2 protein chains.
Amino acid sequence: MPSSLKAHTECTATHTPTLKAACSQCGLKELCLPVGLNQSEIERLDNLVGDRRKLRRGEHLYRTEDHFEAIYAIKTGFFKTDLLTEDGRDQVTGFQMTGDLLGLDGISADKHSCNAVALEDSEVCPIPFANLEHFASEIRSLQSHFHRLMSREIVRDQGVMMLLGKMRAEERLAAFLLNLSQRFNSRGFSPAEFHLRMTRDEIGSYLGMKLETVSRCFSRFQDEGLISVQQKHIRLLDIPRLKALMSR
Amino acid sequence: MPSSLKAHTECTATHTPTLKAACSQCGLKELCLPVGLNQSEIERLDNLVGDRRKLRRGEHLYRTEDHFEAIYAIKTGFFKTDLLTEDGRDQVTGFQMTGDLLGLDGISADKHSCNAVALEDSEVCPIPFANLEHFASEIRSLQSHFHRLMSREIVRDQGVMMLLGKMRAEERLAAFLLNLSQRFNSRGFSPAEFHLRMTRDEIGSYLGMKLETVSRCFSRFQDEGLISVQQKHIRLLDIPRLKALMSR
DNA sequence: CGCAGTTTTGATTCATCTCAATTTGTGTGG
DNA sequence: CCACACAAATTGAGATGAATCAAAACTGCG
């Protein structure tokens, strides 16, 4: 599967070893920004997207307060976004994977309101926002799709509020695992077996619980035969029962 | 203050007693969708906005699963949005007041993902979304402003995640009061004295705590001289100390 | 191979929830 | 306009889920 995501060779005539992004050649057409565009429109997108950018594990794609200029489509890899308060508390606000968009937070004030960090070596396609708005006003389907994507982010956030506001620790973790499962599945990976890219601490931060509690819940799930855990390797053994756990 | 917000008389030639919305005449020009538009652009907005709709306290503007067709600018009044799970748990996801926009959640799937309920008699200006997208692609400043508004919603939601994920009950309530204070202030009302339109239960639902805990926190704040509470009437007596409370 | 970071597990504490009773406020109809 | 019924808010006592503190085990990286 990852082989189809390997970097293309450069396609500019220059000698710089940049990786020209090319939506028209990309395996993520059905998942990413081009959804719903026809062939010629996708080709116009190619001109819009900047050179691909590679990040090593742990590297920041952007930081809070950075000037906003582009949103980023994840070509390969895995990210987290987080907020930091003055008094040092850190809240993970999301985990993003292949095909997801990063940076929408920056539009509102021309600067980013959170940090985006690669949790594994990754590659992103920067989409300069000025260009995107320009094309969006010409290509109605692009405009419409972009609006849907922003709205989807709002809906997603509502779900997280429900999670944080109303669920108990076990329910949160079950919801989290099922969400990952579903997202891996829609990207062609196994929904029942996957590798966590984040630490227990990061999971805990996202779910509003301490890392010890995350660990204890994993253990309890395992004891009950719901999942199998070996460090970061997770297997979901009883998805129906996990789902049932959520509606208590 | 409310007198300037009183309903205009109808301005159509028909005999139906509808209230034609007119951004160009509205006192909320600086707060609402028209921000940043010039006079002639605002006049074009007038044609875009549908007839004003009145809601009584307790009435739904829309419900989860309702077909999405318009977003709504709040002309007067106060709303909450909330989600309901199958097993009956209810999460308030936001409180909206004059000048705020409602309905952005519906764009992503052509149907609403939450309920919007008036917490007092209110009036909204419906903006049919198809029209809005059409005008947005013609008026760049409208397009740009609309994107900022959606992004602001995303940023706001991140703040709520921080609140729910990392703060203790007292901090949440302090943050909540300060947020209301700031929003009333920017609408020309007193930042230090206001009337809560929602119940303790709704505050608790929003902040991820039980109504009894909300009530206890109010009492404690009052004992400590931070605020004065008489049912729904709140006076903030020591804003700096309330702020300090948040960064513990 | 050893060390640092991560994870697991245990014992204890604490914040918030739950259950319950009382007070206060509000809307309706006589 | 008052009285009644119902909804909302306050307060207390006790239960509990998750946090905290602490130590040990595991992992993988240099």
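So that the names make sense, note that chain A is the first sequence line, chain B the second, and so on, each numbered from 1. What you see is a predicted model, and the numbers here were worked out from it, not measured in a lab.
Judged by distance alone, with hydrogens and angles left aside, the side-chain atoms of N115(B) form a donor-acceptor pair with the main-chain N or O of T64(B) at under 3.5 Å. Not one N or O on the side chain of T81(B) forms a donor-acceptor pair closer than 3.5 Å with the backbone of C114(B).
If you measure from atom CZ of R57(B) to atom C1' of dA7(D), you get 10 Å, rounded to the nearest angstrom. Residue H233(A) contributes atom NE2, which lies 13 Å from atom P of dG28(D) at whole-angstrom precision. Put simply, CD on E120(B) is 15 Å from P on dT26(C), counting in whole angstrom units. We find that CZ of R172(A) is positioned 7 Å from P of dA18(D), with the value rounded to whole Å. The interatomic distance linking M198(B) (CE) with dA9(D) (P) rounds to 11 Å, in whole Å. The separation between L164(B) atom CG and dA15(C) atom C1' is 16 Å, rounded to whole Å. In this structure, I234(B) places its CD1 atom 10 Å from P of dA9(D), rounding to the nearest Å. Across the protein-nucleic acid pair, F221(A) atom CZ and dT9(C) atom P stand 15 Å apart, rounded to whole Å.
Each of Q231(A) and E170(A) has a nearest nucleotide on DNA chain D; the 5'-most of these lies closest to E170(A).
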Scan the side chains in residues 218-232 of chain A for donor-acceptor partners under 3.5 Å anywhere in the protein, sequence neighbours excluded, and list what turns up.
from: S219(A); atom 1: OG; to: S215(A); atom 2: O; distance (Å): 3.1
from: R220(A); atom 1: NH1; to: E170(A); atom 2: OE2; distance (Å): 2.4
from: Q222(A); atom 1: OE1; to: V229(A); atom 2: N; distance (Å): 2.8

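Contacts of residues 199-220 of chain A with DNA chain D (heavy atom under 4.0 Å): G208(A), M209(A), K210(A), E212(A), T213(A), R216(A).
Residue K232(B) places at least one side-chain N or O under 4.0 Å from the OP1 or OP2 atom of dA9(D).
Two rings, from F79(B) and F95(B), have their centers 6.0 Å or more apart.
S108(B) and V155(A) make their closest contact through OG-CG2, 3.9 Å (heavy atoms, listed as atom of the first residue, atom of the second, distance).
Of the N and O atoms on the side chains of D201(A) and Y206(A), not one donor lies less than 3.5 Å from an acceptor on the other residue.
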